2 protein chains.
Amino acid sequence: MRYGDAVTELGRRERKKLQTRKSISDAATRLFLERGFDEVGVKEIADTADVSVTTLFKHFPSKEALLFDEDEEQESALVAVVRNRGDRSIPMALRDHFVRAAQGHADHPQFEIFQRLVLETPALRDYGHRMWTRHQDALARAIAEETGVPADDVRCAALARFALEAREVIFDREDRERAADEVFGLLEHGWAADQQA
Amino acid sequence: MRYGDAVTELGRRERKKLQTRKSISDAATRLFLERGFDEVGVKEIADTADVSVTTLFKHFPSKEALLFDEDEEQESALVAVVRNRGDRSIPMALRDHFVRAAQGHADHPQFEIFQRLVLETPALRDYGHRMWTRHQDALARAIAEETGVPADDVRCAALARFALEAREVIFDREDRERAADEVFGLLEHGWAADQQA
DNA sequence: CTGAAAAAGTGCAACCACTACACTTTTTAA
DNA sequence: TTAAAAAGTGTAGTGGTTGCACTTTTTCAG
């Protein structure tokens, strides 16, 4: 590791480990999208990735986890949105973030299929929702810091939770941008009133 | 069925079915509270209730469901709170409902143990949360009717969802009444602002 | 009262996600 | 060079859950 800390050099071992992980994840994603979550067993995924079932579970804690592989990015993105919101209010900045993300996904049709798979498979919908709401604490802390209140302020926790839940309320609607306006409008007004007090 | 429709007369068969269901539920609850959810197998519950495992699963869809047996009451209670709120706003009526429920539970120490079991067992916490948020649609419809807007109004859905989620945000806090004030205050102001528009 | 249909319950075998274990192979680093 | 650390493997299991063929109980019409 010579030129700075940002680029972490990897030894052969870690490179191979990452490669194994990726081949498992790829096999799982492909098979799930092709035939559905419940129609594919872990054994078949392991075989396709050419590893043992034991190895598969050393890399992923559950069958559902095979499909949700990028978590930290989303969390830091949420925190960044609150931090770099400019002159917008926090709820409005989050609203813009969700709307922009939804539009960005609309580009790649591959993502639409992924989304439908998750929405239509109860186990995946639940798992995804649980992973998503795990960001509540980080988001609440960011909001608290920006607002200048204690990190465990209840209103910040509530706003964080509500904003995260808002996503699912909005995703079920036809006109998502309009829905986002109304739902986040509710949070916006409540939040603004609380701030003045 | 002679004296009115409210009391449904049951034949011997349905009475026995209900009795079987109850003995299973009772055995499960007792064993779970005594030794913990993960430390008791369905086989043992079935044996204790003197039924087969097959029968157990004919009455309950999953191991978790054995502990959550009273669903409809909660839902109708929520709807009733919105309907009979008097001159209070909808968010405030819901706030009172949750605070009162929490205080009512504080009376019976048996309920504290039940609550801790659920909170400390991830599988139960998740299942309970999922059951709880199933009431979103019914609550949203009640709110819409009271407000005089279409039944599928997004803001009503959002308020319903947020109020249901508020419960968990509040339950994690020490001073629940104070937390309820702040969290529902946020919804109250947002909701009021939207109503005037 | 009788006999058949409907429903509740049973025991067994199996499926599937997941884990513990004892083991081999590969990679690392002193 | 070599020994420890880490990745991977196969097997045998656990535990929740389901399908199936079956018996028992309850109902109800003739």
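Since the model is a prediction, treat every value here as computed from it, not as a measurement. Letters go in sequence order (proteins before strands), and every chain restarts at 1.
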Participant: Which atom names give the shortest non-hydrogen contact between B:Ala142 and B:Arg83, and what distance separates them?
Facilitator: CA-NH2, 4.0 Å

Participant: Treat primed atoms plus P, OP1 and OP2 as sugar-phosphate and everything else as base, then score nucleotides 12-21 of chain D 5' to 3': B for base contact with protein heavy atoms under 4.0 Å, S for sugar-phosphate contact only, - for none.
Facilitator: ----SBBB--

Participant: Only one of B:Leu67, B:Asp69, B:Leu66 passes side chain to side chain contact (heavy atoms under 4.5 Å, CB included) with B:Thr29; say which it is.
Facilitator: B:Leu67

Participant: Students should find this one: the first and last nucleotides of DNA chain C, 5' to 3', lying under 4.0 Å from a heavy atom of chain A. What are they?
Facilitator: C:dA17 to C:dT28

Participant: A:Phe184 and A:Pro91: which non-hydrogen atoms are nearest, and at how many Å?
Facilitator: CD2-O, 3.4 Å

Participant: Please tabulate, for side-chain N and O atoms in residues 113-122 of chain B, each donor-acceptor pair with protein atoms closer than 3.5 Å (sequence neighbours left out).
Facilitator:
from, atom 1, to, atom 2, distance (Å)
B:Thr121, OG1, B:Leu117, O, 2.8

Participant: Does a sphere of radius 6.0 Å around CD in A:Glu73 hold more than 12 heavy atoms from other residues, nucleotides or ligands, not counting ones at 6.0 Å or beyond?
Facilitator: no

Participant: Checking A:Arg35 side chain against A:Glu39 main chain: does a donor-acceptor pair fall under 3.5 Å?
Facilitator: yes

Participant: For a quick test of reading the model, state the closest non-hydrogen atom pair linking A:Thr48 to A:Ala27 and the distance between them.
Facilitator: CG2-CB, 3.9 Å

Participant: Could you tell me whether B:Asp96 and B:Arg85 make a salt bridge, using a distance below 4.0 angstrom between a side-chain N and a carboxylate O?
Facilitator: no

Participant: Taking all non-hydrogen atoms of both residues, which atom of A:Pro150 and which atom of A:Ala144 are closest, and how far apart?
Facilitator: O-CB, 3.5 Å

Participant: Does A:Phe98 have A:Arg95 sitting over its ring (NZ/CZ under 6.0 Å from centre, angle to axis within 45°)?
Facilitator: no

Participant: Can you confirm whether the side chains of A:Thr20 and A:Ser23 place a donor and an acceptor under 3.5 Å from each other?
Facilitator: no

Participant: Among residues 122-134 of chain A, which contact DNA chain D at a heavy-atom distance under 4.0 Å?
Facilitator: none

Participant: Any idea which heavy atoms bring A:Val79 and A:Ala138 closest together, and the distance?
Facilitator: CG2-O, 4.1 Å

Participant: Could you tell me if A:Arg161 sits above the aromatic ring of B:Phe162, with its cationic atom closer than 6.0 Å to the ring centre and no more than 45 degrees from the axis?
Facilitator: no

Participant: Starting from the first five and the last five pairs of the helix from C:dC1-D:dG30 to C:dA30-D:dT1, work out the angle between the resulting helix axes, to 10 degrees.
Facilitator: 10°

Participant: Between A:Val81 and A:Ala93, what is the shortest heavy-atom contact and its length?
Facilitator: CG1-O, 3.5 Å

Participant: For nucleotides 25-30 of chain D, read 5' to 3', which letter fits each nucleotide if B means a protein heavy atom sits under 4.0 Å from the base, S means only the sugar-phosphate is that close, and - means neither?
Facilitator: -BS---

Participant: Test A:Tyr127 against every option in A:Phe60, A:Phe68, A:Trp132 by the ring pair (Phe, Tyr, Trp, His ring centres under 6.0 Å) rule and name the one that passes.
Facilitator: A:Phe68

